[in-house]
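What follows is a single structure, written as structure tokens, with notes after it.
Numbers here are sequence positions counted from 1.
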Amino acid sequence: MSIVKINALTVPDEQREVLEKRFASRAGAVESSDGFEWFELLRPVEGTDQYLVYTRWRDEAAFQAWMEGPMKAAHQGGGAQGGGGERPKPAATGSTVWSFEVVQQAAPKG
């Protein structure tokens with residue numbers, strides 16, 4: 001079965017809009033990556049300042065290939081908007097990645 005990676009990003013209130021705009025304008029390289037299955041950016045409603053970046057992958061190898069290829073290039077400026085300028089300051093003040101294996105799943109009956 002698939003694997004899930006959740007990146008828990010600590011985002012101060014004044015950086016929330018910045019983070020959401022960056023995700024909205026991202027190049028979309030993840031969607032065309034081999035083994036990619038799903039993406040969601042989850043905004044906290046109450047009780048935490050952590051956004052969750054949820055991605056689901058066919059397997060660990062597909063995730064690692066994306067990490068070492070498109071993701072790495074984007075975060076080193078290879079996928080940055082405009083190019084040539086300074087990299088923008090991170091919107092998050094902390095990040096933790098959680099890894100899970102999907103052992104059960106269900107979809108709506110229909």
Report the C-alpha separation of Tyr54 and Lys5 in whole Å, then their side-chain angles, then the decisive distance to 0.1 Å, and conclude whether the side-chain contact (heavy atoms from CB on, under 4.5 Å) test is met. CA-CA 6 Å; Tyr54 173 100; Lys5 299 292 183 171; over 6 Å; no

Please assess Phe100 against Ile6 for the test side-chain contact (heavy atoms from CB on, under 4.5 Å), listing each intermediate value before the final yes or no. CA-CA 8 Å; Phe100 299 88; Ile6 298 174; 3.9 Å; yes

For a side-chain contact (heavy atoms from CB on, under 4.5 Å) check, start with the C-alpha distance between Val4 and Val102, then their side-chain angles and the critical distance, and finish with the verdict. CA-CA 7 Å; Val4 169; Val102 177; 3.7 Å; yes

Apply the test side-chain contact (heavy atoms from CB on, under 4.5 Å) to residues Leu52 and Trp98: give CA-CA distance (whole Å), side-chain angles for both, the deciding distance (0.1 Å), then the verdict. CA-CA 10 Å; Leu52 299 181; Trp98 302 328; 4.1 Å; yes

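Taking a 6.0 Å sphere around CZ of Arg43, one finds it holds 12 or fewer heavy atoms contributed by other residues, nucleotides or ligands. Under a cut-off of 6.0 angstrom, the local environment of CD in Glu60 is crowded, with over 12 non-hydrogen atoms contributed by other residues, nucleotides or ligands. Taking a 6.0 Å sphere around CD of Glu101, one finds it holds 12 or fewer heavy atoms contributed by other residues, nucleotides or ligands.
We find the OG-CZ distance between Ser33 and Arg58 to be 10.5 Å, quoted to the nearest 0.5 Å. Separating the CD atom in Glu37 from the OG atom in Ser2 is a distance of 3.0 Å, to the nearest 0.5 Å. With rounding to the nearest 0.5 Å, the separation of CG in Leu9 from CD in Gln50 is 8.0 Å.
For Trp38 and Trp57, the ring centers are positioned 6.0 Å apart or more.
Residues forming a side-chain contact (heavy atoms from CB on, under 4.5 Å) with Phe39 (at least two apart in sequence, or on another chain): Phe23, Arg26, Phe36, Leu41, Val53, Thr55. Residues passing the side-chain contact (heavy atoms from CB on, under 4.5 Å) test with Val18 are Gln15, Arg22, Ala91, sequence neighbours excluded.
With contacts defined as side-chain heavy-atom distances shorter than 4.5 Å, the pair Gln104/Met1 does not qualify. Side-chain contact between Pro12 and Thr93 is present, with at least one heavy-atom pair separated by less than 4.5 Å. No side-chain heavy atom of Leu42 sits under 4.5 Å from any side-chain heavy atom of Tyr51.
The two residues Asn7 and Ser95 come nearest to each other via the heavy atoms OD1-OG, 2.6 Å.
A salt bridge does not link Arg16 with Asp49: every distance from a Lys NZ or Arg NE/NH1/NH2 to an Asp or Glu carboxylate oxygen is 4.0 Å or more.
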